[in-house]
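Below: the structure, in structure tokens.
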Amino acid sequence: MIKRTHTCGELRESHISQTVALSGWVNAYRGYGGLTFIDIRDRYGLTQLVFDKEDCSAELMELASRLRNEDVIAVRGVVRLRAGAPNPKLPTGQVEVVVRELELINKTDNPPFLPDDGPAAENLANEELRLKHRYIDLRRPRMQHILGIRHKVYQTTRRYFDENGFLEVETPILYKSTPEGAREFVVPCRNVPGSFYALPQSPQLFKQILMISGCDRYMQICRCFRDEDPRNDRQAEFTQIDLEMAFVQREDIMSMMEGFIRRLWKDIANTDIPPITRIGYREAMERYGIDRPDTRYGLEITDISEIARKTDFRVFQDALAQHPDARPYFSKKGVVKAIRVPGGAEKLTRKITDGYSEFVKTFGAGGVPTVKVVSGGAGASPAGLAFETGIAKFLEPVKAELVAALGLEPGDTVLFAADTYAVATKALGELRQKVARDIGLLPKPGCEGGPWNFLWVVDFPMFERNKDSGKWVALHHPFTAPREDQQDAFVAADLSSDDETIESIVSAGYDIVLNGQEIAGGSVRIHNRDVQAKVFQLLGMTPEQAREKFSFLLEALSYGAPPHAGIAFGLDRLIMNFVGAESIRDVIAFPKTMIGQDLMTRAPSGVTEAQLKELHLVSTAAPQG
RNA sequence: GGGGCGGUAGCUCAAUUGGUUAGAGUACCGGACUGUCGAUCCGGUGGUUGCGGGUUCGAGUCCCGUCCGCCUCGCCA
């Protein structure tokens, strides 16, 4: 075999007249009878090979003329300045290799598609086919680039945390089932009939145990499993950058993470990230209607309930009549909220705003009342503004107040939501993002590069009532500590009667949001056994159940647990941001489809009766696949 | 679990209200061609329209079921 001396992205004018050897895949074939060009490709780039009747034997010309896309070849030849025009699109475009020796290492069958990102790739094969033949898809320069960025993120991560004294520790994949939270993948255990492991949703408790074990600072790039329906940026099997620190407070973690983010963005995107601003959960919900606000644009939400109360608009009045005396953030309290869309009068056509009404119905809202703001005209306000279309006539009596409250200007459109606090907030929070895309406030999805708007979201409530069961659930997870100044109130609270207090307790949790996407989340943990037991109790676990599921944690907490805190990054989402990927599948080498299949290996698949028997299992489903 | 979009040649797509032999580009095969780089030109092979039923004189097209892919709501402590 001809052994390569250089890669296909390496040769320059400085190599001219050297004899070199290259190996790779045939990327393109251009034949002229007595003259044949082959582009040879490997991970590093493309180089033009030339076979010329004047220089090559008839056998070599014949062999070259039979080469086709994706054949694997190796060549030996001499580098020379291109005899024709140089190709400015290629780093190697000044030179070509005149081939003296060609080895056809492996002839390909006609490939189902070509791994081409160039102009010919306008019709990229569909994803199903690309996933089935992932080894071809991954040859694409784009995919190689993504794998490379992902590799760099691993390296920067390990380097940063190593420099800061973190210890990389692996934690079990075969773990204990703790059925709170996400649905788990379950693995039958052969040696203990009828018992099962679960795959970890995260190494949460192991990293806490490692703190109690004296590891002080832990990190791991780990696989996590959640058997929930996937999304564009979510799949059942994903990767976290997981870490935990002992003897720290919230601020210590936050500054360590800001350092990490600055390093990461410097290394990967060559960008300096300024200090990250913070917002409280309540404020985020009020202003943006979501706990992960995208701050690249305005379109903030304003509560106009008190103004709406003065109108005769039935939709407003009906909404406001719901639990009028409830606490401000009570989820079923009736409210009216509004978004001012600058320039919306022109950009948001009737067809678009009708679509918004349909859109918010998916979140339980009835529709989106709308009004346009114009200058002058009949009935113009003192500021010279008038309302038109939609619900304009109902708003006439409160025009001046609305103009002042929302800062309205001519050409604006105002979008309203009148419903319960929970529904109106959610509907406008989602609508806000849709409007931003519609009127061009955002780069197109899949664009690479900034702006990078980071945000810490802090001060989450510890608990909320599940809207169906009415049970208390932890907003983050049951191991999250109350914020330092809330600890006493939680310890003192009577769990059976003190709803107001429990709902008001704020946790020591923190999320990092990037451009409206949650990229990391963590908290200070409970390190006191009694506090942890009280949380389990509040979540409806009897002391026996708590012991059955978490005795190891409660015991560990009683044998000298240091204060500790941690966080985990969604690594796949980080990569998506760096490379401008639209789908999480594009940043995972071997991803799964929406129903969790690997189209290349055809996993999951059936197993034999013998396997089932050995595992003490009987399947009630007919075998598939 | 719910809603939406899609599945036609190896690939990317087309095919009027249901109507003749399901087309184009590309890939592939054969031929021509000495400076291309999405090479070009000439010729050719290539189809159980995802699968199974149904309606009809006639179905790629309409109906029912099913499988697969994507998007989305719920879900994701």
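Quick note: numbers below take in every heavy atom, side chains included, and nothing from hydrogens, waters or symmetry partners. Residue numbers start from 1 in every chain, and the chains themselves are labelled A, B, ... in the order their sequence lines are given, proteins ahead of strands. Model, not experiment: these values are computed from the prediction.
As rounded to whole Å, 15 Å separates atom C1' of rU8(B) from atom CG of L129(A). Going from atom CZ of R82(A) over to atom P of rC37(B) covers 11 Å, rounded to whole Å. Protein atom CD of E582(A) is 20 Å distant from nucleotide atom P of rG69(B), rounded to whole Å. The distance from atom CG of D116(A) to atom C1' of rC37(B) is 12 Å, rounded to the nearest whole Å. Atom pair D229(A):CG and rG3(B):C1' shows a separation of 13 Å (rounding to whole Å applied). As rounded to whole Å, 14 Å separates atom C1' of rG3(B) from atom CZ of F359(A). One can place CZ of F225(A) at 16 Å from C1' of rC76(B), the figure rounded to the nearest angstrom. Rounded to an integer number of Å, the gap from N126(A) CG to rG6(B) P is 15 Å.
On the C1' atoms, rG50(B) is 15 Å away from rA9(B), given to the nearest whole Å. Spacing between rG10(B) and rG46(B) at atom P, rounded to whole Å, works out to 11 Å. Across rG44(B) and rG23(B), the matching P atoms stand 14 Å from one another, rounded to whole Å. Of the P atoms belonging to rG18(B) and rG1(B), the separation is 34 Å, rounded to the nearest Å. Remark: the separation of the P atoms in rA32(B) and rA15(B) is 39 Å, to the nearest Å. Taking the P atoms as reference points, rG3(B) lies 46 Å from rU45(B), given to the whole Å. If you take atom C1' in rU49(B) and the same atom in rA59(B), they sit 11 Å apart, rounded to whole Å. For the P atoms, the distance from rG7(B) to rU12(B) is 11 Å, rounded to whole Å.
Aromatic rings of Y175(A) and Y197(A) (six-membered ring for Trp) have centroids beyond the 6.0 Å cut-off, not under it.
No engagement by E430(A) is indicated, since no non-hydrogen atom pair under 4.0 Å with the nucleic acid exists. Here E54(A) lies in heavy-atom contact (under 4.0 Å) with a base. Using a 4.0 Å heavy-atom criterion, one finds that Q48(A) contacts the bases of the nucleic acid, with or without backbone contacts as well. S523(A) comes within 4.0 angstrom of no nucleic acid atom, judged by non-hydrogen atoms across all strands. In this structure, R585(A) reaches the sugar-phosphate backbone alone: every heavy-atom distance under 4.0 Å involves primed, P, OP1 or OP2 atoms, never a base. Residue-level contact check: L90(A) touches neither bases nor backbone, having no heavy atom under 4.0 Å from any strand. No contact: K361(A) has no heavy atom under 4.0 Å from any strand. R573(A) comes within 4.0 angstrom of no nucleic acid atom, judged by non-hydrogen atoms across all strands. A474(A) comes within 4.0 angstrom of the backbone, heavy atoms only, and of no base. Across all strands, P112(A) comes closer than 4.0 Å only to sugar-phosphate atoms, never to a base (heavy-atom distances). No engagement by P88(A) is indicated, since no non-hydrogen atom pair under 4.0 Å with the nucleic acid exists. Nucleic acid contact for D52(A): base, since at least one base atom lies under 4.0 Å from a heavy atom of the residue.
For K434(A) and E430(A), the salt-bridge test fails: no basic side-chain N is under 4.0 Å from an acidic carboxylate O.
Pair assignment for rG69(B): rC5(B), on the basis of Watson-Crick or G-U wobble contacts that are both within less than 3.5 Å. If you check rG25(B) for Watson-Crick or wobble pairing at under 3.5 angstrom, you find it paired to rC11(B).
Considering only the side chain of R234(A), rC75(B) comes nearest among rU72(B), rC75(B), rG35(B). Between rU12(B), rC73(B), rA27(B), one nucleotide has an atom nearer to the side chain of F363(A) than all others, and that is rC73(B). Proximity note for R231(A) (side chain, C-beta onward) versus rU36(B), rC75(B), rC28(B): the nearest is rC75(B). Here the side chain of N87(A) is nearest to one of rA27(B), rC37(B), rC29(B), namely rC37(B). Distances from the side chain of R30(A) to the nucleotides rU12(B), rG35(B), rC37(B) place rC37(B) closest. Residue A85(A) has its side chain nearest to rC37(B) when only rC73(B), rC37(B), rG69(B) are considered. With distances taken from any side-chain atom of Y32(A) to the nucleotides rA39(B), rC37(B), rA27(B), the minimum falls on rA39(B). For R226(A), whose side chain is taken as the heavy atoms from C-beta onward, the closest listed nucleotide among rC76(B), rC68(B), rU72(B) is rC76(B). Checked against rU34(B), rC28(B), rU36(B), the side chain of R68(A) finds its nearest nucleotide in rC28(B). Here rG35(B) is the nucleotide among rG35(B), rC76(B), rC70(B) with the atom lying nearest to any side-chain atom of L35(A).
Between F479(A) and H477(A), the angle of the ring planes lies from 30° to 60°, which puts this pair in the tilted group. In this pair, F363(A) and F359(A) present their aromatic rings perpendicular. The plane angle is above 60°, beyond the 30 to 60° band. Taking the six-membered ring where the residue is Trp, F460(A) and Y281(A) present tilted rings, their angle falling between 30° and 60°.
A cation-pi arrangement is absent between K332(A) and Y421(A) under the rule of less than 6.0 angstrom and at most 45 degrees off the ring axis.
Neither side chain, E582(A) nor N232(A), offers a donor N or O lying under 3.5 Å from an acceptor on the other. A donor-acceptor pair shorter than 3.5 Å cannot be found between the side chains of Y29(A) and D39(A).
Stacking is found between F37(A) and the pyrimidine-like six-membered ring of the rU36(B) base under the 5.5 Å centre-distance and 30° plane-angle cut-offs.
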